[in-house]
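These notes are about the structure you will find just below.
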Amino acid sequence: MKTTENGSSDLESPQRSVILCVDDELIILRGLKEQLKTAFGKNYQIEAADSAELALQIVEECNQAGIHIPAILSDQVMPGIRGDEFLIKVQETNPNTRKIMLTGQATAESVGNALNRANLYRYLSKPWDSNDLLMTVKEAVRSYESDLSLLALNQKLEEALLFNRDSGLPNLESLRRKLDQGQEKKEDSLLALIRIESTSLTTRDFGVGLYKDLMKKFLDSLKSILGNYGEVFHVYEDEVAILAKVPEEEFLPHLIAFRILLRSDYFTAAGISFRINATIATASGKKDLYYKARLALVKASQEPEFDSESGIYSYTEKMDDQDLYKINMDLGKRLNQAIHSGNVVPYFQGIMDNKTGKVEKFECLARIVEDGKVYAPASFLYLAKSTGLLRRISPILLEKALRKFADSPYSFSINLSETELESPSFPKWAASRMEHYGIDPARITFEILETASFHGNPERLKVIGGLKELGSQIAIDDFGVEHSNFSRLLEIQPDFIKIDGKFIQSLERNRTAFILTSAITELAHRIGAKVVAEFVSTPEELEVVRSLGIEYSQGYLIMQPSPDIVPTSIKIIE
């Protein structure tokens, strides 16, 4: 960095952030620099400039070197570029830098200009009080670094959700974002979906570990044939998407070649040869490609006798009118029938105390039981929302759960959907049902799904407040996804934070997941909330979870969802 007569020098340590002082009066500038150096010199580099022009050069050099500038203190009346004009220019390149104006001659217009266009942090009149100045700079730096930490944490949270935890490939969320970008640009694209039909049988007969090994070899083969022609996404455990990077006429022959390989070749895992049976569907155009390709996959499963020279099923517009509507009509009728027949029932999954190894409470999960088959929410919840039937399912579930726990000493939790959150009378209704079954409200935790948005919906916070007034507790479910942010914690002030299973199942092999889980746990404890780790499925995951100080665990290692309240415990080895 350039040396000037005011005493500023080259950056001593590129790693240290810079606090920059700007004033054309050298005596004031030197005094200000020394004052700040005494207070902040151990952790920050104090730079000084006797003109806005030199200050802009320093800002540019810091930006090029990747050095943060938490705070800038600038005089207003200077020859050449004035203070407000300088701060406005800094705002264009460093919007997060806290900008402080120090002057005794600034007009209301110049201060207003800096406030409106430079996001002025504070204005101090000359001569300033030294304690006030140091406190202002201290708070400005703390504010900057706090925002920086939150931004970095949110970025890591987002990155962790964009890749499949097993394969490391971009996942469904990544695909959706990519498709949205193409749709905004109105670009023609081709999307292929490959669904492995033998997943459940392989997993049932040989275990998850072998299936994952088999899937890795499948993906390696897929990337070797199609990787140069399309971007590969691992959207579900049994489903892969390829977004073409080349024209359709160049991409399709390679897709067909991969189809031929699947029909004629075998993949070996644990010394056993497997033939992978897969269905391939494609869709092309400018919009709704994933929806259309999925529709083609549904059509292919409805007509297994379908075959063509290529063995690939392509989306056609008539599918929109004939097939998806028919599927949803059938599912909608079955959902109605399940409600009328009382086939919507709660299943219970234990939540274990990580210190004692005993299940102390249960989460109530919605299931539909029909003809001996049990259907999870993924198969009916989206229709329940779109038809409004969710408004009927949730009260049924809560009523049956209350009846079940009336003769049980355990506490339990139950999900709140947006339907209940939009009903101001829900807390009063819930209180009457608890009283009817003789259940203390303190035994019930209401879980707020991360898919529920509170933006522009203050009434939802009133519902949560009403449940708290009853004595019930509040948990944020699936923390780390969807609407996760730190302002939500301030709004809800939860008693529990349930960390999403995507993080828990990656703890052992993904350092980022470990760091984020640790950070979320520490944050929860600082605000007085306890933490529940979801999807704990192995002893190794439980060991890491306990090492982080997480109070509770939930997942298949503890117990699978059951129609009965089953006392369960795990031996804890200290």
Side-chain angles (χ1 to χ4, degrees), residues 200 203-204 208 331-353 356-385 389-417 419-420 430 433-434 436-441 443-449 472-473 475 477-478 496 498 501 504 532-538 542 552-570:
S200 59
T203 304
R204 183 195 69 187
V208 175
L331 288 175
K333 290 176 182 177
R334 289 171 61 188
L335 181 59
N336 270 276
Q337 182 62 33
I339 293 172
H340 289 300
S341 303
N343 291 336
V344 177
V345 299
Y347 266 47
F348 309 99
Q349 186 174 37
I351 300 174
M352 184 187 77
D353 186 315
T356 65
K358 294 181 180 180
V359 167
E360 294 191 346
K361 50 188 174 182
F362 293 81
E363 181 180 358
C364 304
L365 305 166
R367 296 290 188 268
I368 287 179
V369 179
E370 182 181 85
D371 298 330
K373 295 182 180 179
V374 180
Y375 297 92
S379 63
F380 62 82
L381 197 58
Y382 74 100
L383 272 183
K385 290 180 179 179
L389 289 174
L390 188 60
R391 188 178 297 272
R392 298 178 61 186
I393 290 177
S394 296
I396 292 172
L397 200 65
L398 179 57
E399 185 84 18
K400 290 185 176 182
L402 290 169
R403 186 183 304 136
K404 190 80 172 180
F405 282 93
D407 300 321
S408 167
Y410 293 102
S411 298
F412 62 99
S413 64
I414 191 164
N415 287 325
L416 277 185
S417 70
T419 300
E420 288 79 55
R433 304 318 298 155
M434 294 178 204
H436 175 78
Y437 287 103
I439 289 183
D440 184 349
R443 292 174 58 192
I444 304 179
T445 299
F446 290 96
E447 298 189 10
I448 312 298
L449 296 174
S472 295
Q473 296 180 304
D477 196 12
D478 299 332
F496 298 93
K498 303 186 74 174
I504 302 303
V532 181
E534 298 187 290
F535 286 81
V536 177
S537 56
T538 67
L542 177 60
Y552 297 96
S553 291
Q554 180 178 354
Y556 277 18
L557 177 66
I558 317 304
M559 66 172 288
Q560 296 191 26
S562 166
D564 299 311
I565 300 171
V566 182
T568 306
S569 63
I570 288 181

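Treat the numbers as computed from the prediction; the structure is a model and nothing was measured.
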Side chains of [X] and [Y]: does their closest heavy-atom pair fall under 4.5 Å?
X: Lys498; Y: Asp477; value: yes
X: Ser413; Y: Phe496; value: no
X: Lys404; Y: Phe412; value: no
X: Pro561; Y: Tyr556; value: yes
X: Phe348; Y: Tyr410; value: no
X: Ile351; Y: Phe362; value: no
X: Gln473; Y: Ser411; value: no
X: Tyr347; Y: Val369; value: yes

Quick one: pull up [atom1] in [X] and [atom2] in [Y] and give me the separation to the nearest 0.5 Å.
X: Gln349; Y: Gln560; atom1: CD; atom2: CD; result: 8.5 Å
X: Leu542; Y: Leu557; atom1: CG; atom2: CG; result: 6.0 Å
X: Leu398; Y: Met434; atom1: CG; atom2: CE; result: 6.5 Å
X: Ser341; Y: Glu370; atom1: OG; atom2: CD; result: 8.5 Å
X: Leu365; Y: Ile414; atom1: CG; atom2: CD1; result: 9.0 Å
X: Asp353; Y: Lys361; atom1: CG; atom2: NZ; result: 9.0 Å

Check against side chain to side chain contact (heavy atoms under 4.5 Å, CB included), Asn415 and Leu397:
CA-CA 10 Å; Asn415 287 325; Leu397 200 65; over 6 Å; no
CA sep, side-chain torsions, deciding dist, call: Thr419, Ile393, side chain to side chain contact (heavy atoms under 4.5 Å, CB included):
CA-CA 10 Å; Thr419 300; Ile393 290 177; over 6 Å; no
Arg433 and Arg403: side chain to side chain contact (heavy atoms under 4.5 Å, CB included), yes or no, with the steps?
CA-CA 9 Å; Arg433 304 318 298 155; Arg403 186 183 304 136; over 6 Å; no
Quick check: closest heavy atoms across [X] and [Y], and the distance to 0.1 Å?
X: Ile558; Y: Ser553; answer: CG1-O, 4.0 Å
X: Ser472; Y: Pro441; answer: OG-O, 2.9 Å
X: Ala406; Y: Ile439; answer: N-CD1, 3.9 Å
X: Ile504; Y: Phe535; answer: CG2-O, 4.3 Å
X: Met559; Y: Thr568; answer: SD-OG1, 4.0 Å
X: Asp478; Y: Glu534; answer: OD1-OE1, 2.9 Å

Could you walk me through whether Tyr375 and Asn343 pass side chain to side chain contact (heavy atoms under 4.5 Å, CB included), step by step?
CA-CA 10 Å; Tyr375 297 92; Asn343 291 336; over 6 Å; no
Glu399 side chain to Tyr437 side chain, donor-acceptor N/O pair below 3.5 angstrom:
yes
